Amino acid sequence: MTKQELPKTYDFKSTEPRIYAMWETGGFFKPHNDPSNADFDPNIETFVIAIPPPNVTGELHIGHSMFVSVEDLMVRYHRMKGYSTLWIPGSDHAGIATQLMVERDILKNEEVTREEMGREKFIERTWEWKRKYGGIITNQIRRLGASCDWSRERFTLDDGLSRAVREAFVRLYEKGLIYRGPRLINWSPGLKTAVSDLEVEYEEEDATMYYFKYKLKPESRSSTSGISEAELRDSEYIPVATIRPETILGDTAVAVHPEDERYKRFIGKTVIVPILGREIPVIADEYVSMEFGTGALKITPGHDPNDYDIAHRHNLPIISVLDREAKVNENGGKYQGQDRFEARKNMWADMKEAGLVIKTEPYRTTIPRSQRGGEIVEPMISEQWFVTIEPLAKQALEAVKDGRIKIVPERFEKTYYNWMENIKDWCISRQLWWGHRIPVWYCPDGHMTVTREDPSECAHCGSIELIQDEDVLDTWFSSGLWPFSTLGWPEETPDLKYFYPTSYLETGYDILFFWVARMIMMGMEFTNEVPFHTVYLHGLVRDEIGRKISKTLGNVVDPLLLMDEYGTDALRFTMLVGSTPGNDTNVGPKKTESNRNFANKLWNVGRFVINAVSSTTFQVSGTDDRLLNTDNWTLADSWIWAKMQQLVRDVERHFQNFQYGQAGQQIYDFLWNDFADWYVEIAKEQMKNDEATKQTVATLARVFDMSLRLLHPFTPFVTEEIWGHLHNALRESQISSIAQDWPEALIVAKFPEPREPEDWEETRTADFELIQEIVRSIRNLRSEKGLAPSKKIAASISAGAKLDLLTSQSSVFAWLAGLDFSQLSILESLSDKPKDSATLVVGSVEIHIPLAGMVDLAEEKARLEKELKEAESHIERLEKLLSSDFANKAPAAVVQKERDKLAGYKETAEKLKAQLG
RNA sequence: GGGCGGUUAGCUCAGUUGGUUAGAGCGUUGCGUUGACAUCGCAAAGGUCGAUGGUUCGAGUCCAUUAUCGCCCACCA
C-alpha cells in the first residue's frame with residue numbers, strides 16, 4: 001500500500017455501505033458463542049440488548065440515531081471484550097400510529113373509510129403496508145452502523161410474539177389479574193378508542209369558568225311536574241361553577257362541604273337540573289373545597305373522575321350524556337346529536353334565557369388531550385379490559401429497590417418509585433383493528449372463553465357460535481414482553497435459556513413508564529426474573545440551540561441528511577460526545593461537521609502512519625522485541641505510551657460508569673492533541689535517523705492501532721476502514737475486522753513489568769512536558785514577533801540541571817519550534833547574555849533568541865516584567881498555600897506537586913530578575 | 001400541590017469519590033499552505049462557575065437558603 005492509493009479526504013459515502021456489508025455477510029453481528037453452534041459453551045458470559053422496537057411504518061428520526069448510537073457502542077464494546085454479544089433487532093406494530101397511517105392512505109387513494117372497507121380487508125391491507133414499508137426503518141438503522149443480529153429480527157405481530165401475547169394474557173386472566181368491566185376511562189373521540197392514563201397529556205390552556213344557579217326544589221312540592229316557572233324563579237338557589245356547562249346534563253348531585261355554613265342547610269334537599277328539570281340531591285362530601293369557586297360542586301359521575309369517585313361513595317346514579325364521538329346522546333334531551341362544544345354554547349344560551357346564569361370569567365386550567373390525536377380526551381364510562389396492576393407493581397418496585405435492577409442515571413429510580421407506588425389499573429383494550437386481538441370469545445349465552453388457541457366451542461356451554469372480542473390490546477402490552485418474547489418465550493428455547501435475562505435496557509427517559517416499567521412488571525411476572533439488570537436512560541435530542549424538536553417549529557433535525565452530508569461516524573460521535581446520561585442533548589449540523597472533521601483528521605493520521613509503515617523495509621510486528629524493550633524508547637516514545645496507558649485506564653473507567661461522552665472526548669483529545677499534534681510531528685524527526693526509525697514506526701503503528709480500537713464503538717466505519725489499511729500495511733493479519741480484543745487486554749500483555757509504571761510515567765512525562773513548554777514558548781514568541789513558520793531561527797540555551805535532557809532532545813524541539821539546528825547551542829550556563837535577543841524562561845531553562853533588529857528593548861523589558869510579575873504571584877500563592885494546613889492534611893503527592901511547582905516558579909523568577917538586571 | 005433537572009467563555013455544552021492557573025466545539029482576532037490533513041496548522045482574546053451563607057487546610061464539585069428557566073407526576077369544579 002502506498003500513499004497515492006489513499007485519497008486525501010476520507011470518503012465515507014463509498015466506505016460505509018461496503019464496510020457494513022462486510023460485517024453483515026461476515027457474520028460479525030452474531031454472538032460468537034451461539035446455542036446453535038456445535039461447540040457452544042453455556043459458561044461464556046453474555047451481553048444482550050433487546051432493541052427498543054421502532055414503529056414498523058416509521059421513518060428514521062433523530063431519536064432513533066440516539067439509541068442506535070448508544071446501544072451499538074455498548075454492544076461493540078462488550079463484543080470486543082469477549083462477551084457473547086447479542087443485539088436483538090425488531091419492530092413494533094404500533095397500533096394506533098400504523099392504523100391511522102394506513103387509514104389515511106386508503107381514504108386518500110380509494111376514498112373509502114376503514115369502516116366501509118371492513119375489518120378483515122383492512123387488516124390485510126395493513127399487512128401489505130407493513131411488508132412494503134417495514135423494511136425502510138430497519139435499513140435506515142443498518143445505515144447507522146447497528147451491529148444487530150438480523151437473523152434474529154422480530155416483529156410484535158409475528159406468530160411467535162402473538163403466541164407470547166396470548167400466553168401472557170391467559171396467564172394473567174387465570175390468575176385473576178385481568179378483568180373486564182365498565183369503568184370511567186379516557187376516551188379519544190377522534191380515534192374512537194379508549195386510551196390509558198399515560199396516553200393523556202395535560203396542558204394548561206385558557207378556558208371559561210361558568211357560574212350558574214342550581215335552583216332548590218320548593219319545599220311544599222313533592223314533585224317537579226307541576227312547578228311553575230314563577231315558583232322556580234323565586235326559589236332559593238345554590239351557586240355552582242363549572243368549566244363544562246354541557247355536563248350539567250349528566251349531573252346527579254350537587255355537593256358541598258359538610259362544614260360549610262353557607263350551604264349546610266341545603267344538605268339533603270333537592271335541586272332541579274337546569275333545562276332538563278331532573279331532581280337531584282344536595283350531598284355533603286369533604287372532597288369539596290370551601291375556598292374554591294362557589295364552594296358548591298356539581299357532580300357528573302359519567303364524565304369526571306372525581307365525580308365518579310364521589311358518586312360511588314354516595315351511591316349516586318351515573319349518567320352518560322355523550323356518545324363515542326363525544327356528541328350528546330339520548331340522555332341530553334333537546335341537545336341530542338350536538339357536539340359537546342356546540343351543546344355547551346347552546347346550553348348556556350338557554351340557561352341565560354331561563355335566568356339561571358350568574359356570570360362567566362376567564363380561567364386557566366389543565367385540559368386533557370390525547371397524546372396521539374391531540375383532541376380533548378373525554379372521561380367516559382365504558383366496558384374495557386384492565387390489568388390489576390398492584391401485585392405486578394409490587395414485584396417491579398422491589399426489583400429496583402433491592403438493586404436487582406439499576407437505573408442510570410440514578411435519579412430516575414426515584415421517579416420510578418413514585419410512579420410505581422401510585423400506579424392505577426392498566427386499561428389494555430383498544431377499539432382498534434390493528435393489533436393483538438383479545439383472546440376472549442363469547443357464546444350467545446354470554447359465557448366467556450379465554451384460551452391460548454382459538455376455541456371451537458364455548459368452554460361453559462359447548463356452544464359453537466363463538467364471537468371473538470372485538471378489541472385489540474394496547475401496543476405496550478406486547479412490547480412489555482419484548483425482552484423474552486423475542487428469545488422464544490413461552491417456549492424454553494436455547495436462546496431464552498442462554499441469553500435471558502438480558503443485560504442492559506437502553507432507551508429514552510420519556511418511555512420509562514410506558515415501556516420500561518411494563519417490561520419489568522411483565523418480566524418478573526412471567527419469567528420470575530428481572531428482564532435486565534441495568535436500565536440506561538439517554539436524554540432527548542434537541543436542536544442545535546436547545547429547542548425541543550417539532551414539526552410545527554420547523555426545526556426537525558434529519559439524521560439521514562446529516563449522514564449524507566457528514567457521514568454516519570460524525571453523526572454517531574455527535575450523539576455520544578458532549579452528552580451525559582439522562583440529560584437532553586443538542587444536535588445539529590455544526591457539531592456534526594466538526595466531528596466529520598475529526599473523522600477526516602483520523603483518516604489523515606492513518607494515511608501518515610500507514611505510509612510510514614509501508615515505507616519501511618522491515619516487518620513491524622507486534623511481537624518485536626525492540627518494541628517491548630523500553631530502553632530503546634525515546635522520550636517521546638515513552639511519553640506517548642504513558643499517555644496511551646492512561647487513556648486506556650480512563651476510557652475503561654468511564655465505560656464502567658456509563659460516561660460514554662467523557663470516554664469519547666478523551667480519545668478525541670488524545671488522538672488529536674497528543675498523538676497527531678505531538679507524536680506524529682516528532683516521529684517525522686525521529687525517522688530521519690535510521691536507528692530510531694524502526695522503533696518509531698512500531699510505536700506509531702501500535703499506539704494508533706490501539707486508539708482505533710478504543711474509538712471503534714463510537715465511530716465504527718472509519719476506524720474499521722483505516723484499521724484494514726493499516727493491517728494490510730503491517731502484513732500480519734489474518735483477521736478481517738477491527739472488532740478484536742479490547743486494548744486493555746493488549747496493554748497488560750505487552751507492557752514489561754519491571755518498570756514500575758507510576759514512577760516511570762511520571763518522570764518521563766514531566767521531562768516531555770518541559771520540552772513541550774519550551775516549544776510552546778518559542779512558538780509564542782515567534783507569533784508575537786510575526787516570524788514566518790518557515791523561518792529557521794537561532795537560539796542559545798542555558799539549561800542548568802536539564803542539560804542532559806535538552807541535549808538529548810535538541811533535535812526534537814528544534815524541529816518542533818523551527819530552530820536552526822546548526823545555530824543552536826545548549827550549555828549548562830551562558831557566560832554572557834547574547835545581545836539583541838529575546839529571553840524565554842521555562843523553569844530553570846533560559847532560552848535566548850537573537851532577533852537582530854527586531855527586538856525593541858523597552859518592549860522586551862516590559863514583556864519580561866510581565867512574566868516576572870506572573871511568576872511572583874504564583875510564588876506568593878503557593879507559599880501561602882504550603883504554609884497553611886494544606887501541607888499537613890493534603891495527600892503527600894498533591895503537596896509534592898505544589899512544592900515542585902513553587903520551585904519551578906522560583907527558578908523562573910530568579911532568571912527573569914537576572915535578565916532584568 | 002409534589003418531585004426532578006439546568007444555571008460554567010459570545011453561542012452550545014463537558015467537568016462523578018472536594019486537591020488548588022476551570023476545559024472543548026463553534027464563533028472572534030492575528031499569522032501561516034509543496035512535504036498526513038485548509039474537512040488543516042500555530043498563536044491570541046474571552047469566565048466574580050446564578051446569588052447568599054456554611055462545612056473544610058482547600059468548594060464549579062458537599063450542605064442550607066434563595067433567584068430563575070425547564071421537565072415529570074398530581075382529581076380542586
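Chain letters run A, B, ... following the sequence lines, proteins first and then strands; every chain starts at 1. Since this is a predicted model, take the numbers as computed values, not measurements.
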Trp603(A) CH2 - rC37(B) P separation (whole Å)
13 Å
Does the ring of Trp419(A) carry Lys414(A) above it, NZ/CZ under 6.0 angstrom from centre and within 45° of its axis?
no
Would you kindly check whether a donor in the side chain of Lys8(A) faces an acceptor in the base of rC37(B), or vice versa, at under 3.5 angstrom?
no
If you only use heavy atoms from C-beta on, which nucleotide in rA36(B), rG41(B), rA77(B) is closest to the side chain of Val288(A)?
rA77(B)
Exam field: side chain His257(A) to backbone Met290(A), donor-acceptor pair closer than 3.5 Å:
no
With the side chain defined as heavy atoms from C-beta on, Asp885(A) is closest, among rC26(B), rA77(B), rC57(B), to rC57(B)
Where the side chain of Val680(A) is concerned, which of rA77(B), rA36(B), rG19(B) is the nearest nucleotide?
rA36(B)
Report the nucleotide, chosen from rC26(B), rA14(B), rG41(B), that has the shortest atom-to-atom distance to any side-chain atom of Lys590(A).
rC26(B)
Testing rC57(B), rA43(B), rU39(B) for proximity to the side chain of Lys889(A), the answer is rC57(B)
Applying a 4.0 Å non-hydrogen cut-off, can you work out what Ala890(A) is touching in the nucleic acid: base, sugar-phosphate, or nothing?
base
For Asn780(A) and rA44(B), is the shortest distance between a side-chain N/O and OP1 or OP2 below 4.0 Å?
yes
Please tell me which of Tyr10(A) and Asn586(A) maps to the more 5' nucleotide of RNA chain B, matching each residue to the nucleotide holding its nearest heavy atom.
Asn586(A)
Before accepting this row, confirm whether a basic side-chain N of the pair Asp260(A)/Arg262(A) lies closer than 4.0 Å to the acidic partner's carboxylate O.
yes
Hey, is the side chain of Tyr287(A) pairing donor to acceptor with the base of rC75(B) inside 3.5 Å?
yes
Under 6.0 Å from the six-membered ring centre of Trp678(A) and within 45° of its axis: does the NZ or CZ of Arg779(A) meet both?
yes
Atom CZ of Arg364(A) and atom P of rC76(B) are separated, to the nearest Å, by 15 Å
Take atom CG of Leu537(A) and atom C1' of rC71(B), then tell me their distance rounded to the nearest Å.
14 Å
Among rG19(B), rG25(B), rU39(B), which nucleotide has an atom closest to any side-chain atom of Val894(A)?
rG19(B)
Assess whether one donor atom and one acceptor atom, taken from the side chain of Glu681(A) and the base of rA36(B), lie less than 3.5 Å apart.
yes
Heavy atoms only, 4.0 Å cut-off, all strands: where does Tyr363(A) land among base, sugar-phosphate and nothing?
sugar-phosphate
In whole Å, what is the span from the CD atom of Glu204(A) to the P atom of rG1(B)?
12 Å
If you check the Thr365(A) side chain, which of rU20(B), rA77(B), rC37(B) turns out closest?
rA77(B)
Could you walk me through whether Phe212(A) and Tyr210(A) pass ring-ring contact (aromatic ring centres under 6.0 Å, His included), step by step?
CA-CA 6 Å; Phe212(A) 67 99; Tyr210(A) 299 83; 8.9 Å; no
Between Glu784(A) and Met209(A), who's closer to the 5' end of RNA chain B by nearest nucleotide?
Glu784(A)
Write down the distance between CZ (Phe675(A)) and P (rA36(B)), rounded to a whole number of angstrom.
14 Å
Inspect the contact between Asp900(A) and Lys897(A) and indicate whether a charged nitrogen and a carboxylate oxygen are less than 4.0 angstrom apart.
no
Between Glu593(A) (CD) and rA38(B) (P), how many Å, whole number?
15 Å
Can a side chain N or O of Arg782(A) be found less than 4.0 Å away from OP1 or OP2 on rC31(B)?
no
Indicate the ring-plane relationship of Tyr668(A) and Trp672(A), choosing parallel, tilted or perpendicular according to the 30° and 60° boundaries.
tilted
Given the rule that a pair is Watson-Crick or G-U wobble with both distances under 3.5 Å, how would you write RNA chain B in dot-bracket, using | for pairs to a different strand?
(((((((..((((.....[...)))).(((((.......))))).....(((((..]....))))))))))))....
Please state how far atom CH2 in Trp672(A) lies from atom C1' in rC40(B), giving the value in whole angstrom units.
8 Å
Scan Glu870(A) against the nucleic acid and name what it touches under 4.0 Å (heavy atoms): base, sugar-phosphate only, or nothing.
nothing
Measure from the side-chain heavy atoms of Ile545(A) and tell me the nearest of rU12(B), rG3(B), rU20(B).
rU12(B)
If the threshold is 4.0 Å, N to carboxylate O, is there a salt bridge linking Asp206(A) and Arg364(A)?
yes
Whole Å only: how far is the CZ atom of Arg542(A) from the C1' atom of rC11(B)?
16 Å
Contact under 4.0 Å: Lys414(A) side-chain N or O vs rC4(B) OP1/OP2:
yes
Using a heavy-atom cut-off of under 4.0 Å over every strand shown, decide if Asp304(A) touches base, sugar-phosphate, or nothing.
nothing
Is it the case that the ring center of Phe12(A) lies less than 6.0 angstrom away from the ring center of Phe717(A)?
no
Please evaluate the base of rA36(B) for a donor-acceptor partner in the side chain of Lys684(A) within a cut-off of under 3.5 Å?
yes
Closest to side chain of Gln665(A), choosing from rA14(B), rA24(B), rC26(B):
rA24(B)
Consider the side chain of Ser289(A), meaning its heavy atoms from C-beta on, and name the nucleotide among rC76(B), rG15(B), rC40(B) that approaches it most closely.
rC76(B)
